[in-house]
Structures are given as structure tokens and as C-alpha cells.
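Below: one structure, written as C-alpha cells.
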Amino acid sequence: MPLNMTKIAFSATSPASLRAWLESHPDEALMTTRYLPKRHEEMIGGSLYWIFEHALIGRSPIERFSQREDGRWHIHLQPRLIPVVTQPKRAHQGWRYLSEEDAPRDLAAGESASDAMPPKLARELAKLGLV
């Protein structure tokens, strides 16, 4: 099973803006990180799960890693956002590993992102210990 990672959708103003940014790249979207994850080989074929408003909202499959001339690293992603069942997730800096068993499932065919719990509601319920 590939390993996944989580990352805040920092400059996204909505899940739609994140999707638009990803889809604006025809072949692959590039995320930049200062350090290569120690477990990067396990992450090929995994996904980067996006955090928006303290909830996991979607994922982008990880294709590979490459080093830039300045020593930083690119994470090469498929340019698509696969919606997942909304799951509360605390904000953090950088990226964090996410095991397959802890990752939310993809939304089923015909299931809409609007059928899933809104991120703000999921966060409030999590604070109350109800999810």
C-alpha cells in the first residue's frame, strides 16, 4: 500500500479554486517543498490529501519527486482533485504522512461533494467529539 501525505491548500479560497489550479496544469501540477520526505519512495502511487478549512476535502495522486537546481524538491501530482468524504483534520505546517487506513474514502460514483459533510460542520462536530 502506498503512503499518502496531507498538506494545507494554502492559497486556495475554495475547493473549486484548488481544483481550477490543479486542472490549469495540462500534464502535472508541481508542489514545492524544502526537504525530500524520508519515506518518499513509499509515496509514489499514493496521494496528497488536501486540507481546506480544517478538513480533508480531496486528493491528488503523487507521480514522483524531483530536485530543483536550488536544492528544493518538486512533488509531481496528477492535475486533478479527487473528492473524498470530508474528514476533520487539524491544520499543520508543511506536510504530514497519512496511512491508507487513516485516509478518507473517495466519493462514490453519483455521490456529490455536497452530499458529504461541509468542512466547517465537520470541524465543529470534531471539537464536540461527535465524529
Side-chain angles (χ1 to χ4, degrees):
M1 257 191 270
L3 186 62
N4 304 299
M5 66 181 352
T6 61
K7 175 126 177 63
I8 294 174
F10 178 70
S11 61
T13 57
S14 67
S17 72
L18 175 60
R19 179 184 305 278
W21 175 79
L22 287 163
E23 291 176 353
S24 72
H25 299 84
D27 299 318
E28 62 186 5
L30 299 175
M31 288 296 308
T32 302
T33 185
R34 185 175 296 167
Y35 303 107
L36 179 67
K38 290 181 182 176
R39 299 175 67 184
H40 68 279
E41 292 174 350
E42 297 174 63
M43 299 171 75
I44 306 301
S47 291
L48 187 148
Y49 282 78
W50 296 99
I51 301 170
F52 182 77
E53 292 185 348
H54 301 280
L56 296 174
I57 59 157
R59 67 182 182 88
S60 298
I62 299 171
E63 295 184 335
R64 63 189 174 96
F65 295 82
S66 65
Q67 192 166 23
R68 298 178 359 168
E69 289 183 16
D70 64 0
R72 292 179 182 258
W73 290 86
H74 277 146
I75 304 169
H76 298 256
L77 304 170
Q78 289 183 13
R80 60 191 181 121
L81 181 65
I82 300 167
V84 299
V85 173
T86 304
Q87 178 177 310
K89 184 71 174 172
R90 292 180 59 181
H92 56 73
Q93 289 185 333
W95 45 263
R96 298 287 185 273
Y97 296 118
L98 180 67
S99 66
E100 193 69 30
E101 51 271 1
D102 292 334
R105 70 170 176 80
D106 292 351
L107 290 177
E111 191 175 14
S112 167
S114 62
D115 294 339
M117 190 178 308
K120 287 182 181 179
L121 178 59
R123 182 177 65 241
E124 292 303 316
L125 291 174
K127 284 181 188 176
L128 296 171
L130 298 174
V131 285

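Just so it is clear, the model here is predicted, and its values are computed rather than measured.
Partners of Arg80 by side chain to side chain donor-acceptor pair (under 3.5 Å), not counting sequence neighbours, listed by chain and number: Gln78. Checked against side chain to side chain donor-acceptor pair (under 3.5 Å), His92 has the following partners two or more places apart in sequence or in another chain: Thr6. In this structure, Gln67 has no side chain to side chain donor-acceptor pair (under 3.5 Å) partners at least two apart in sequence or on a different chain. Partners of Glu63 by salt bridge (Lys or Arg N to Asp or Glu O under 4.0 Å), not counting sequence neighbours: none found. Residues passing the ring pair (Phe, Tyr, Trp, His ring centres under 6.0 Å) test with Tyr97, sequence neighbours excluded: Trp95. Annotation: side chain to side chain donor-acceptor pair (under 3.5 Å) contacts of Glu100 (sequence neighbours excluded): Asn4.
Side-chain contact between Leu18 and Trp50 is present, with heavy atoms from C-beta onward closer than 4.5 Å. In this structure, the side chains of Thr33 and Lys7 stay at 4.5 Å or more apart for every pair of heavy atoms. With a 4.5 Å cut-off on side-chain heavy atoms, Phe65 and Met43 count as touching. Pro83 is listed as a side-chain neighbour of Arg19, based on a closest heavy-atom distance under 4.5 Å. Looking at heavy atoms from C-beta onward, Asp106 lies in side-chain contact with Arg59 at the 4.5 angstrom threshold. The shortest side-chain heavy-atom distance between Ser47 and Ile82 does not fall under the 4.5 Å cut-off. Side chains of Thr32 and His74 form a contact here, defined as non-hydrogen atoms less than 4.5 Å apart.
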Audit row: Val85, Leu107, side chain to side chain contact (heavy atoms under 4.5 Å, CB included) steps and yes/no: CA-CA 6 Å; Val85 173; Leu107 290 177; 3.8 Å; yes

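Within 6.0 Å of atom CZ in Arg90, 12 or fewer heavy atoms from other residues, nucleotides or ligands are found, so the atom counts as exposed in its surroundings. The environment of CD in Glu69 is sparse: at most 12 heavy-atom neighbours from other residues, nucleotides or ligands sit within 6.0 Å. Within a 6.0 Å sphere centred on CZ of Arg68, heavy atoms belonging to other residues, nucleotides or ligands number more than 12.
One distance of note links CD1 of Ile75 with CG of Leu30; it measures 10.0 Å at 0.5 Å rounding. Atoms CD1 and CZ, on Ile57 and Phe52 in that order, are 6.5 Å from each other to the nearest 0.5 Å. A distance of 10.5 Å separates CZ in Arg34 from CG in Asp70, rounded to the nearest 0.5 Å. To the nearest 0.5 angstrom, Leu81 atom CG is 11.0 Å from Trp21 atom CH2. To the nearest 0.5 Å, the span separating OG on Ser60 from CD on Glu23 amounts to 9.5 Å. Note that CD1 of Ile51 is 9.0 Å distant from CG of Leu48, once rounded to the nearest 0.5 Å.
Closest of all the heavy-atom pairs between Pro104 and Gln87 is CB-OE1, 3.5 Å. Nearest heavy atoms, Arg64 versus Ile44: CA-CD1, 3.5 Å. Between Leu56 and Leu98, the shortest heavy-atom contact is CD1-CD2, 4.3 Å. For the pair Pro79 and Pro26, the tightest heavy-atom approach, listed with the atom from each and the gap, is CG-O, 4.0 Å.
Arg96 places a side-chain N or O within donor-acceptor distance of the main-chain N or O of Gln93, the cut-off being under 3.5 Å.
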